[in-house]
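Notes follow the structure.
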Amino acid sequence: MASFKTLPGFREFYPEDYAQRKHIFQIWRQVARRFAFQEFDGPVLESLELFTTKSGPEIESQLFCFEDKGGRQVSLRPELTPSLARMVAARANGLKRPIKWFSIGDNFRYERQQKGRLRCFTQLNVDLLGEAGPSAEIELIALLVQSLLGFGLTEEDFYVRLSDRNLWMLYLATLGYDEDAIGGILGVVDKWERMPEEKLIAQLQEVAGEKAAELKASVDAFLKLDSVDAIRECFAGVESSDEAKAELDARLSDWQTLLDGLGAMGLTGFIKIDLSIVRGLAYYTGFVFEAFDKKGEFRALAGGGRYDALVKKMGGPDMPAVGFGMGDVVLGELLKARGKMPQFVESLDFFIVSGGDAEKLTALSDVALLRQAGYSVEYQLKPQAFGKQFKAATGSGARFALIYGSEELEKGVVKLRNLADRSEQDLPRDRLLEAVRELV
RNA sequence: GUGGUAGUAGCUCAGUUGGUUAGAGCACCGGAUUGUGAUUCCGGGGGUCGCCGGUUCGAGUCCGGUUUAUCACCCCA
């Protein structure tokens, strides 16, 4: 016999696993709706170009892509954002602003799997488009925090690191670096903690030359900042033009608005200013944020930020946007590790226990009746001793057993047994539905 | 794509310096038990010891390759 296995990085969900999956989706949906976001979805398969346009041709090595029978270069989606950008762009003029959309869907990445990282995973995507100010970030970060709280996680379990690519641009510009250099420097900042010092300096030399050591000191100082006041002071120590000063003032005012808003929502305890978050390559243009477990055992739970240029790049109008994604893999691992993954028991309304063949037929007609009325009903397919049937009834998680024995049917009743407290009572069979409705 | 570690029943694992027919617990199925539940007792099914090759009289055990998992690196949208 041939033996088939799942492909690497793809999961199977047995009922008990699927119950956990469903739980995660339910909380995600609940919270997104509380924040008045609307659910949508895009195609799972897209043209390869959609993704290479957004992320560059190098991305292809990490895609599940192939040529379809019509000779088209296609790819399973590695993320939802490009599809979203296209969808929004197509109807940009007709959509009410702000556009608040969310989606729960499978994404595919051709990477080697490791802890918290698979080739097929499900991600919650939440995006708010059409609002340029920090009130959009307030909504999204609040939603992110509330969704994690919705799983029973607490301030002890997770926090959100908040950073700002704009601030980095302003800072590095005042130090005299141009846009290209800044991109390179941020690429290094992204790896700051993981790289040994000599290697950092070597990489900084590529953009800063002889000033690499000086630049490194400046970056180190900047990374230590953890409040708006500290940021303001840091900039006060550097010479800059009036224009740059005005930009900085505006940006610091955005920061204050964002932090005040999150504070008003009671979320200050979840937020940590941490400028080391710059989020890799990225099309991010402003605030960026990532959620982590506080013990630091897992990779990021969620990440996102502002991407004001993307919709236009994907062929749409100028459209400011903020979004974040949260995957089911790391979240599931964290919930299990913290004991926040509930044990799910399938609950049934009735389990039918019946005697011989004649009683079984009578029972079956009532099974049909009860099911049609909306109750969940189970029974043993094979004839079995009463004792076995009760054992099965208990194991099924049903609230009640309905007993169809010869004694009951002769009297025109059905015996109802409460499986939790073991109490029993007779119900008239000719008014079974009415009697059941009063009880259940 | 690169490297470390591992792979024995559905699950968790045992298996002696290489030696008879590869075991246990849990789970599952059946019986004791055709009128009442988690206990108990008895029984049963289930294994290409990941796969291929090598050494050997003999390999679950030693060697090589391969594959899968896992961890780290690269990357992380």
Side-chain angles (χ1 to χ4, degrees), chain A residues 1-12 14 16 50-56 58-63 75-85 107-119 121 123 125 127 187 190-191 194-196 199 277-284 288 290 297-305 307 310 313-314 323-327 329-330 333 351 353-360 380 382-398 400-409 415-424:
Chain A
M1 191 177 73
S3 75
F4 295 104
K5 287 179 177 170
T6 55
L7 292 168
F10 285 77
R11 295 169 287 175
E12 299 178 301
Y14 286 85
E16 59 273 24
L50 180 73
F51 303 116
T52 51
T53 298
K54 187 207 150 202
S55 307
E58 323 80 57
I59 196 72
E60 196 175 323
S61 67
Q62 318 228 12
L63 295 179
S75 174
L76 288 168
R77 65 181 179 201
E79 59 168 326
L80 186 64
T81 310
S83 308
L84 165 72
N107 292 25
F108 305 84
R109 295 179 187 176
Y110 199 87
E111 299 174 299
R112 184 163 294 196
Q113 66 165 318
Q114 51 185 284
K115 192 176 170 63
R117 219 169 136 187
L118 302 172
R119 287 181 167 186
F121 57 95
Q123 191 162 287
N125 269 267
D127 292 273
D190 191 41
K191 295 163 191 160
R194 300 188 297 255
M195 235 184 241
K199 217 170 167 189
I277 305 288
V278 293
R279 293 191 66 75
L281 299 170
Y283 46 94
Y284 288 111
V288 288
E290 292 185 344
E297 288 172 31
F298 301 92
R299 53 176 65 236
L301 286 161
Y307 53 97
L310 187 66
K313 188 176 178 186
M314 301 309 294
F324 76 84
M326 176 165 15
V329 182
V330 178
E333 285 171 356
F351 196 99
V353 173
S354 63
D357 291 345
E359 290 88 1
K360 175 88 177 261
Q380 289 295 75
K382 283 185 289 193
Q384 270 188 332
F386 270 73
K388 276 269 152 76
Q389 293 189 57
F390 278 106
K391 213 173 264 187
T394 307
S396 75
F400 298 102
L402 277 176
I403 301 155
Y404 289 74
S406 52
E407 293 164 22
E408 286 80 7
L409 295 186
K415 193 178 278 178
L416 176 106
R417 181 178 174 88
N418 184 320
L419 289 166
D421 65 18
R422 304 189 177 207
S423 64
E424 291 185 345

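In what follows, chains are A, B, ... by sequence order, proteins preceding strands, each numbered from 1.
Proximity of a side-chain donor or acceptor of A:Ser75 to a complementary backbone N or O of A:Arg77 within less than 3.5 Å is not detected.
Atom-to-atom distance recorded for A:Ser83:OG and A:Met314:CE is 8.0 Å, nearest 0.5 angstrom. Rounding to the nearest 0.5 Å gives a distance of 7.5 Å between CD of A:Glu60 and OG1 of A:Thr52.
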Discussion item. Using the rule given for side chain to side chain contact (heavy atoms under 4.5 Å, CB included), can you reason through A:Phe108 versus A:Leu118, listing the C-alpha separation, both sets of side-chain angles and the distance that settles it, and then say yes or no?
Written reply: CA-CA 8 Å; A:Phe108 305 84; A:Leu118 302 172; over 6 Å; no

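Applying the ring-ring contact (aromatic ring centres under 6.0 Å, His included) test to A:Phe386 and every residue at least two apart in sequence or in another chain returns nothing. Annotation: side-chain contact (heavy atoms from CB on, under 4.5 Å) contacts of A:Asp421 (sequence neighbours excluded): A:Asn418, A:Ser423. A:Gln62 is linked by a side-chain contact (heavy atoms from CB on, under 4.5 Å) to A:Glu111, counting only residues two or more places apart in sequence or in another chain. Looking at residues two or more places apart in sequence or on another chain, you find no side-chain hydrogen bond (donor to acceptor under 3.5 Å, both in side chains) involving A:Glu16. Residues forming a side-chain hydrogen bond (donor to acceptor under 3.5 Å, both in side chains) with A:Asn125 (at least two apart in sequence, or on another chain): none. Not counting sequence neighbours, the partners of A:Glu424 by the side-chain contact (heavy atoms from CB on, under 4.5 Å) test are A:Ile403, A:Lys415, A:Arg417. The side-chain contact (heavy atoms from CB on, under 4.5 Å) check on A:Lys391 picks up nothing, with sequence neighbours excluded. For A:Arg299, the side-chain hydrogen bond (donor to acceptor under 3.5 Å, both in side chains) test picks out A:Gln114, with sequence neighbours left out.
For A:Lys382 and B:C29, the shortest distance from a side-chain N or O to OP1 or OP2 is not below 4.0 Å.
Comparing the same atom, P, in B:U2 and in B:G58 gives a spacing of 37 Å after rounding to whole Å. The same atom, C1', is picked in B:G1 and in B:G18; the two are 39 Å apart, to the nearest Å. B:U21 and B:G37: their P atoms are spaced 46 Å apart (whole Å). Nucleotides B:U34 and B:G50 have their P atoms positioned 43 Å apart, rounded to a whole Å. Taking atom P in both B:A24 and B:U66, the straight-line distance is 37 Å, to the nearest Å. Taking atom C1' in both B:A59 and B:G25, one finds a spacing of 27 Å when rounded to whole Å. Rounded to the nearest Å, the gap between the P atom of B:A22 and that of B:A6 is 26 Å. Here the separation of B:G10 from B:G46, taken at their P atoms, is 11 Å to the nearest Å.
Within 6.0 Å of atom CD in A:Gln384, more than 12 heavy atoms from other residues, nucleotides or ligands are found, so the atom counts as buried in its surroundings.
Spacing between atom CG of A:Asn107 and atom P of B:C76 amounts to 16 Å, rounded to whole angstrom units. Going from atom NZ of A:Lys199 over to atom P of B:C74 covers 7 Å, rounded to whole Å. Rounding to whole angstrom units, CD of residue A:Gln380 and C1' of B:G30 are separated by 13 Å. A:Ile59 has its CD1 atom 9 Å from the C1' atom of B:C75, to the nearest Å. Here B:C76 presents its C1' atom at 13 Å from CG of A:Leu63, a figure rounded to the nearest Å. What separates CD of A:Glu58 from P of B:C74 is a distance of 17 Å, to the nearest Å. Rounded to an integer number of Å, the gap from A:Arg117 CZ to B:G1 P is 14 Å. Counting to the nearest Å, the P atom of B:C74 and the CZ atom of A:Arg299 are 11 Å from each other.
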Can you tabulate the close N/O pairs, meaning under 3.5 Å, that link protein atoms to atoms of nucleotides 25-28 of chain B?
none

Give me, pair by pair, the N or O atoms of the protein and of nucleotides 67-71 of chain B that are less than 3.5 Å apart, along with how far apart they are.
{"unit_1": "B:A69", "atom_1": "OP1", "unit_2": "A:Gln113", "atom_2": "NE2", "d": "3.1"}
{"unit_1": "B:U70", "atom_1": "OP2", "unit_2": "A:Gln113", "atom_2": "OE1", "d": "2.9"}
{"unit_1": "B:U70", "atom_1": "OP2", "unit_2": "A:Gln113", "atom_2": "NE2", "d": "3.0"}
{"unit_1": "B:C71", "atom_1": "OP2", "unit_2": "A:Lys115", "atom_2": "N", "d": "2.6"}

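Electrostatic pairing of A:Lys54 and A:Glu79 counts as a salt bridge here, judged by a charged N lying under 4.0 Å from a carboxylate O.
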Fill in: Canonical and wobble pairing (Watson-Crick, G-U, under 3.5 Å) of RNA chain B, dot-bracket with |
(((((((..((((.....[...)))).(((((.......))))).....(((((..]....))))))))))))....

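Under 3.5 Å, the side chain of A:Arg279 and the base of B:A77 form no donor-acceptor pair of N or O atoms.
With the nearest nucleotide of RNA chain B identified for both A:Phe108 and A:Met195, A:Met195 has the one nearer the 5' end.
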Fill in: Letter per nucleotide, 5' to 3', of nucleotides 31-44 of chain B [B base touched, S only sugar-phosphate touched, - untouched; heavy atoms, 4.0 Å]
S--SBBBS------

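Residue contacts for A:Arg77: at a heavy-atom cut-off of 4.0 Å it reaches no nucleic acid atom on any strand shown.
Annotation: cation-pi pair A:Arg119/A:Tyr110 present, NZ/CZ under 6.0 Å from the ring centroid and within 45° of its normal.
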